[in-house]
Amino acid sequence: MAKKKKGGKKAKGEGDGDTTEEKAKLLEMQLESLRHRLVMQTNKSSGAEAVVKDLREKFGSLAKDFDEQQLRTFKISAEMTRHYKSMQKKMQENIFQLQEKISSTADELESEKKKFQEELDKKDSLIKEKDLEIDDMKKRMRDMTEEFKMMLQDILAGMNEKIEVTSKGIEKDRSRMLGKGTDIFKPF
């Protein structure tokens, strides 16, 4: 709105026409100013709409990329989870098989230890038995040696007696033969 003049009263020569013209000019200027503002606002609005449209397109593109990335991430995670579970299952199967093998081997080892101990006990028993037989045979050999020694002594004593008896008998025969004076034993 236009400013009113201060001064109070209007001059007489100026009528309502001046004020109407002034009002019309003023209104025209205001109209032009409003048009100019409208154009600026329209330009701003068009620019804002273009920016909004551009931002919406970027947002749509980013949202699409985000969704695709999220889908790829989900697929990768699902694949990795599947792979992890598969590896975990194989590992658990391997652990189970190894535990069974350890248990089986431990049982076999225990069985072999028992067999070994039984064999060792049998061998020890057999060795003791043979040692007793050897000791018994040594004792018998000593006894037999002693008996044989005594038998030989008896035989030798008997033979010595016979030899003495025979020797005495031969001596007697010899002296008898020598005593008769036979010429058989005379030197030539």
Side-chain angles (χ1 to χ4, degrees), residues 1-140:
M1 294 226 162
K3 292 183 179 179
K4 294 185 180 178
K5 292 182 183 177
K6 290 186 181 179
K9 298 184 183 177
K10 294 182 182 177
K12 281 190 178 180
E14 297 176 14
D16 286 351
D18 261 346
T19 28
T20 318
E21 275 183 33
E22 284 179 12
K23 280 183 182 181
K25 275 187 181 182
L26 185 62
L27 285 174
E28 245 181 71
M29 286 173 52
Q30 282 179 347
L31 181 63
E32 191 62 35
S33 174
L34 287 173
R35 280 186 189 158
H36 183 60
R37 274 190 189 167
L38 181 61
V39 167
M40 287 182 75
Q41 285 294 338
T42 304
N43 286 342
K44 281 184 184 179
S45 175
S46 296
E49 284 177 6
V51 167
V52 167
K53 183 179 177 185
D54 188 41
L55 287 174
R56 281 188 180 154
E57 287 175 3
K58 284 182 181 177
F59 177 76
S61 174
L62 289 174
K64 183 180 175 185
D65 289 347
F66 177 76
D67 289 343
E68 288 174 359
Q69 185 65 31
Q70 196 173 23
L71 183 61
R72 275 194 304 264
T73 303
F74 178 75
K75 285 180 181 178
I76 290 170
S77 293
E79 179 63 24
M80 289 178 73
T81 301
R82 185 195 62 75
H83 187 64
Y84 171 77
K85 286 182 179 180
S86 171
M87 287 175 57
Q88 187 178 26
K89 184 178 178 183
K90 284 181 183 177
M91 185 179 73
Q92 286 174 343
E93 288 172 358
N94 285 342
I95 289 171
F96 180 72
Q97 289 173 352
L98 290 173
Q99 285 175 337
E100 284 183 348
K101 191 172 184 178
I102 288 169
S103 177
S104 170
T105 305
D107 291 344
E108 288 176 21
L109 179 64
E110 190 63 33
S111 173
E112 289 299 317
K113 280 182 179 179
K114 284 180 182 178
K115 286 180 184 177
F116 176 74
Q117 190 61 44
E118 288 172 2
E119 287 294 318
L120 190 62
D121 291 344
K122 283 181 184 177
K123 299 291 181 191
D124 286 344
S125 174
L126 187 62
I127 288 170
K128 285 180 183 178
E129 200 175 292
K130 294 297 179 185
D131 283 344
L132 288 173
E133 283 182 29
I134 290 171
D135 289 343
D136 185 45
M137 288 194 173
K138 283 181 180 178
K139 183 180 181 247
R140 286 173 59 195

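Values in this document were obtained by computation on a predicted structure and should not be read as measured data.
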With rounding to the nearest 0.5 angstrom, report the [atom1] to [atom2] distance, [X] to [Y].
{"X": "E112", "Y": "L109", "atom1": "CD", "atom2": "CG", "answer": "8.0 Å"}
{"X": "E118", "Y": "L120", "atom1": "CD", "atom2": "CG", "answer": "11.0 Å"}
{"X": "H36", "Y": "Q41", "atom1": "NE2", "atom2": "CD", "answer": "11.0 Å"}
{"X": "T105", "Y": "L98", "atom1": "OG1", "atom2": "CG", "answer": "10.0 Å"}
{"X": "R56", "Y": "E49", "atom1": "CZ", "atom2": "CD", "answer": "9.5 Å"}
{"X": "R35", "Y": "T42", "atom1": "CZ", "atom2": "OG1", "answer": "12.5 Å"}

Is a side-chain donor or acceptor of S61 paired with a backbone partner of E57 at a separation under 3.5 angstrom? no
Quick one: does any side-chain atom of T81 pair with a main-chain N or O of S77 as donor and acceptor, under 3.5 Å?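 At least one qualifying donor-acceptor pair exists.
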Test D135 against K139 for salt bridge (Lys or Arg N to Asp or Glu O under 4.0 Å), laying out the working first. CA-CA 6 Å; D135 289 343; K139 183 180 181 247; over 6 Å; no
Contact check, side chains of [X] and [Y], non-hydrogen atoms, under 4.5 Å:
{"X": "E108", "Y": "S104", "answer": "yes"}
{"X": "D67", "Y": "Q70", "answer": "yes"}
{"X": "S111", "Y": "K115", "answer": "yes"}

Enumerate donor-acceptor pairs with a distance under 3.5 Å from any side-chain N or O in residues 82-97 to protein atoms, sequence neighbours excluded.
from	atom 1	to	atom 2	distance (Å)
R82	NE	E79	OE1	3.4
R82	NH2	E79	OE2	2.5

Using side chain to side chain donor-acceptor pair (under 3.5 Å) as the criterion, list what pairs up with Q117, not counting sequence neighbours.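 Result, side chain to side chain donor-acceptor pair (under 3.5 Å) vs Q117: D121.
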List the steps, then state whether side chain to side chain contact (heavy atoms under 4.5 Å, CB included) holds for Q99 with S103. CA-CA 6 Å; Q99 285 175 337; S103 177; over 6 Å; no
Show, in sequence, the C-alpha distance, side-chain angles and deciding distance for D131 and K128, and conclude whether the side chain to side chain contact (heavy atoms under 4.5 Å, CB included) test is met. CA-CA 5 Å; D131 283 344; K128 285 180 183 178; 5.6 Å; no
